[in-house]
Amino acid sequence: MGPSGCGKTTLACMLAGYVAPDAGTLAIDGRPITAAGPDRLMVFQETALWHWMTVLDNVMFGPRAAGTLRGGEARRKALELLERFGLGEFKDRYPNQLSGGMRRRVELAQALINNPRLMILDEPFRGLDVMTRGLMQEYYLKLFAESRMTTLFISSELEETLVMGERVLVMGGAPARIARSIDVRLPFPRTPQVLASERYLETKRELMAALYSPGHRIEGGSA
Amino acid sequence: MKRLFRRLDWRGAVSIAAFVILWTLLARLKAPGFAEIPDPAAVGRAFWQKYLPSAAYWNSWVVSFERVTYGFLLAQLFGIPLGLLLGTRKLFNEVVFPLVELLRPIPPLAWVPLSILFWPTSELSIVFITFIGPFFIIVINVHDAVRGIRKEHLWLARSLGASRETIFRRIILPSVIPAIAVGMTLGIAVAWNVVIAAEMIASDAGLGRLTWEGYVSHTGTTVIIGMISIGLAGYLSTLIVAWAERRMMPWQR
């Protein structure tokens, strides 16, 4: 997490292989990133679902385009995922006909069908109403608990960070850098009791201190 | 279709009725400027007696519709691929776009003399002029649409391992369909504009010619029947285009 404008999205786009760094290299597990690939998938701030394709076509796109699954196989797996995401009956709808939270679930299905090794979520729940947002957070955590897939979750909100995160990298400064790494030593699931515990407050204080420490602040930025 | 007719409820009928009454009064009283303008009843009579049973009159419809159809369809046929090439191929764009920008501001009717000189028949020259109008509109619309495709839409496809061909067919092409629809709506209107003027200048048939002949022979009823026919023909084409557009974009239903 970090103040808006500090370069979180840019860094994410570099990891995904959409944007090349001006200098230096990026590597995942020692392998340099040279292009976009289905091993690292990103869920964008604004929905990137193709609004001219039905929900099912959106989800099937990856395995079909890459040729990893045969047509019928891709369809079966997509339907299975949609069913699991509670979207089975919406498979023939177009994205514009879905609510914000449902669209997010479709995007997750669209990514997960490709078995990525890294999921990059760029403030995925921003713009959702408070209730939907809470449900989506819970939902993703459950999903994550099942798959244990590495997730880079970008957020600009303290509470969200503490609900979702295991390890928080605080970005800031100009030029931006990773200012601090904070381990969130809170058990999952993060129940209301956990989120009221002494350790939660401690971590929150630590995180706030990192965000607001003068050296890492961006002039005019907001936390 | 239903929506288009619903607008003609009684409130709309008020202004139309007022218009007809005012027109009748002014024509009957021979108000200044109305010396040669017949009243609505005379127009109705002339239509009923002279034009409705006339094969020549209906042939004018057919001729104009044919010209608009050819000009419009050719404009789509050449304009859409050109717009796509301009939007997707950098080198092609750098070479060709300046020429497009040079020719685009020339109004279609300014092409009339050159077109008559160039094409062997007046029919071909009129179709060509009718083509020019919608052609540049569709080229520019598609070109802008390709450039305006959200980068996330392309990124996502690349991430998922789509080939260039798949990206073109399943992402770029559907992305520009709304722009093609806009180009069609504007294009059909321009095609009618242009064909009428071209017919008045350079043809011996069609609704534009019919109207012009009414003027030349001082027949007010013919002029007005021509105008109304042109309006109806344009409206009819708009309905057909609107129907085609809805078919093209099932996701907007």
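By convention in this document, chain letters (A, B, ...) are assigned in the order of the sequence lines, proteins followed by strands, and residues within each chain are numbered from 1.
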Shortest non-hydrogen contact from A:W50 toward B:H153 = NE1-O, 3.0 Å
Atom of B:L160, atom of A:A66 and distance for their closest heavy-atom approach |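 Distance-wise, the nearest heavy atoms are O-CB, 3.5 Å.
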Ring geometry between A:Y18 and B:W155 (parallel below 30°, tilted from 30 to 60°, perpendicular above 60°) = parallel
Tell me, do A:W52 and B:I171 make a side-chain contact under 4.5 Å, heavy atoms counted?
->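 Yes; the side chains approach each other to less than 4.5 Å.
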Would you mind telling me which of [options] has the largest number of heavy-atom pairs within less than 4.5 Å of chain B?
options	answer
A:T54, A:L41, A:N96	A:L41
A:M53, A:M42, A:R93	A:M53
A:A36, A:G17, A:P63	A:A36

Tell me, yes or no, whether the heavy-atom count around [X] atom [atom1], taken from other residues, nucleotides or ligands under 6.0 Å, exceeds 12.
X	atom1	answer
A:E46	CD	no
B:R147	CZ	no
A:E146	CD	yes
A:M208	CE	no
B:R164	CZ	no
B:F78	CZ	no
B:Y70	OH	no

What part of B:S159 lies closer than 4.5 angstrom to a heavy atom of chain A: side chain, backbone, both or neither?
->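 For B:S159, the contact with chain A is made by backbone and side chain together.
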Straight-line distance of B:R170 CZ to A:R64 CZ, nearest 0.5 Å | 7.0 Å
Contact listing (chain A partner; residues 173-196 of chain B; heavy atom under 4.5 Å) = B:P174, B:S175
Quiz: residues 95-105 of chain B side-chain donor-acceptor pairs under 3.5 angstrom, not counting sequence neighbours:
residue : atom : partner : partner atom : Å
B:E101  : OE1  : B:R104  : NE           : 2.8
B:E101  : OE1  : B:R104  : NH2          : 3.3
B:E101  : OE2  : B:R104  : NH2          : 3.3

